[in-house]
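Just so it is clear, the model here is predicted, and its values are computed rather than measured.
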Amino acid sequence: MIALTATTLFTPLKRIEHPLLLVEDGVVVEVTSQTRREIPQDCRVVDFCDGVLVPGFIDMHIHGGAGHDVMEPAADALPPIEQLLATHGVSSYFPTTVTAPIDVTLAALERLADAIELPVLSGHLRARPRGIHLEGPFISHSRRGVHPPENLLVPSIAAFDRFWQAARGHIRVLTIAPELPGAFEVITQAAALGVCVSLGHSDAGLDAARAGVAAGARHATHTFNAMRPLDHRDPGILGEVLADARLSADIIADGIHLDPMIVQVFLKAKGPDNAVLITDATAATGMPDGRYRLGSLEVEVKDGKCMAGGKLAGSVLTLDRAVRNVMQFAQWDLQQTIRLATVNPARVAGLEDAGSIKAGSSGDLVVLSPSGDVRKTIIGGAGV
């Protein structure tokens with residue numbers, strides 16, 4: 001058993017001063033305070049001094065990093081991505097596809113399912129893939145961003161079932177444009193299977209967006225980006241996303257995809273319970289400026305912008321940077337902001353053992369400075 005101590009712990013819903021956290025075999029056994037309980041004598045004690053203990057971060061939308069893309073056929077593509085994620089506090093992630101020829105997508109889904117089903121290797125400090133985010137091909141031509149138009153598909157139960165079978169049931173998030181023919185049926189089917197259906201890459205009007213929610217959609221993908229703009233007489237999909245309390249929604253808070261003031265507007269609309277931070281990171285994350293792959297596309301990174309064909313093509317954002325950006329953009333404190341990278345994405349994606357620090361939860365933890373810098377990442381108790 002390991003006893004972890006620090007100045008503060010955020011569960012994140014509760015704040016504990018002078019915490020005592022007991023971890024055994026990679027699982028949290030007890031969460032208490034040093035003022036309430038003595039440290040057991042048989043424990044190895046690790047004191048993080050003035051550090052802040054928080055749950056491991058969860059990235060619901062990430063395409064790659066460290067020079068690799070999650071859809072690469074190479075067997076050694078994912079480990080460098082996972083190691084990079086761990087250095088930035090991420091313990092769980094959802095590898096995210098980009099629209100590609102259907103056979104390429106099916107093969108990628110099979111490989112990602114293999115990675116998810118692999119046993120966790122002790123002593124390896126790497127983020128763990130917890131499910132797949134299928135972004136495309138059921139998206140709008142007019143709001144496709146850099147997704148290849150020739151590979152977009154009209155939503156159908158048959159097509160979705162092919163993806164579902166290839167992924168062996170590991171699709172946990174589906175981004176879809178609700179205005180497309182067949183979208184209602186696919187949303188209904190995916191939601192019935194427990195998938196988090198997310199509205200995105202969409203030119204939907206208000207009625208179509210509401211129909212998507214009625215069918216079972218409950219989240220929104222990189223809000224504002226690749227979406228029909230908000231109009232005061234035609235609120236469209238953004239009006240539904242911002243106003244409907246049943247919907248959670250995520251943003252890319254890198255200061256490039258959204259102006260800091262829009263981040264404030266979003267957070268005031270969705271609040272600390274329904275807002276989620278994502279990175280939409282590409283293979284270029286953690287790498288110098290240059291050319292990298294995003295699925296079958298080539299993207300160019302310069303001065304922090306990831307571009308393809310004159311359009312933004314993902315990001316080089318890390319989740320710890322997104323947390324610090326929100327603290328700066330919205331003047332939120334660390335405890336409130338941490339919710340957007342931990343308990344909220346865990347709830348949205350259905351991860352019951354992650355996103356919060358409590359007895360029985362996985363020993364996925366991050367030690368932060370009071371300003372949100374990552375000092376240490378612990379995954380399944382490893383890394384202490």
For R128 and S362, does a side-chain donor sit closer than 3.5 Å to a side-chain acceptor?
-> yes
Validation row: V70, L78 side chains within 4.5 angstrom (heavy atoms) | yes
Stepwise, does the side chain to side chain contact (heavy atoms under 4.5 Å, CB included) test hold for V195 with W164?
-> CA-CA 10 Å; V195 176; W164 181 258; 3.5 Å; yes
Under 3.5 Å, is there a donor-acceptor pair linking the side chains of R37 and T32?
-> no
Donor + acceptor pair across side chains of T279, D59 (<3.5 Å) = yes
Out of curiosity, does L21 fall in the hydrophobic cluster containing I2 (side-chain heavy atoms, cut-off under 4.5 Å, transitive links)?
-> yes
R293/E298 under side chain to side chain contact (heavy atoms under 4.5 Å, CB included): CA gap, chis, key distance, verdict | CA-CA 5 Å; R293 305 302 298 180; E298 184 177 76; 3.5 Å; yes
With hydrophobic residues grouped by side-chain heavy-atom distances under 4.5 Å, do L20 and V27 end up in a single group?
-> no
State whether a side-chain donor-acceptor pair under 3.5 Å links S248 with H219.
-> yes
Same cluster (ILVMFWY, side-chain, under 4.5 Å), L340 and I262 | yes
Output yes when R210 and D244 qualify as a salt bridge under the 4.0 Å nitrogen-oxygen rule, no when they do not.
-> no
Would you please say whether a donor-acceptor pair under 3.5 Å links the side chains of D280 and H63?
-> yes
Take T8 and E17, measure what side chain to side chain donor-acceptor pair (under 3.5 Å) needs, and give me the verdict at the end.
-> CA-CA 5 Å; T8 309; E17 299 295 344; 3.2 Å; yes
Give a yes or no on whether the ring-centroid distance for H222 and H61 is below 6.0 angstrom.
-> yes
Check the pair D203 / R143 against salt bridge (Lys or Arg N to Asp or Glu O under 4.0 Å), numbers first and verdict last.
-> CA-CA 6 Å; D203 196 41; R143 303 292 174 189; 3.1 Å; yes
Would R228 and D234 satisfy salt bridge (Lys or Arg N to Asp or Glu O under 4.0 Å), going step by step from the backbone distance to the final call?
-> CA-CA 10 Å; R228 183 179 187 167; D234 181 16; 2.7 Å; yes
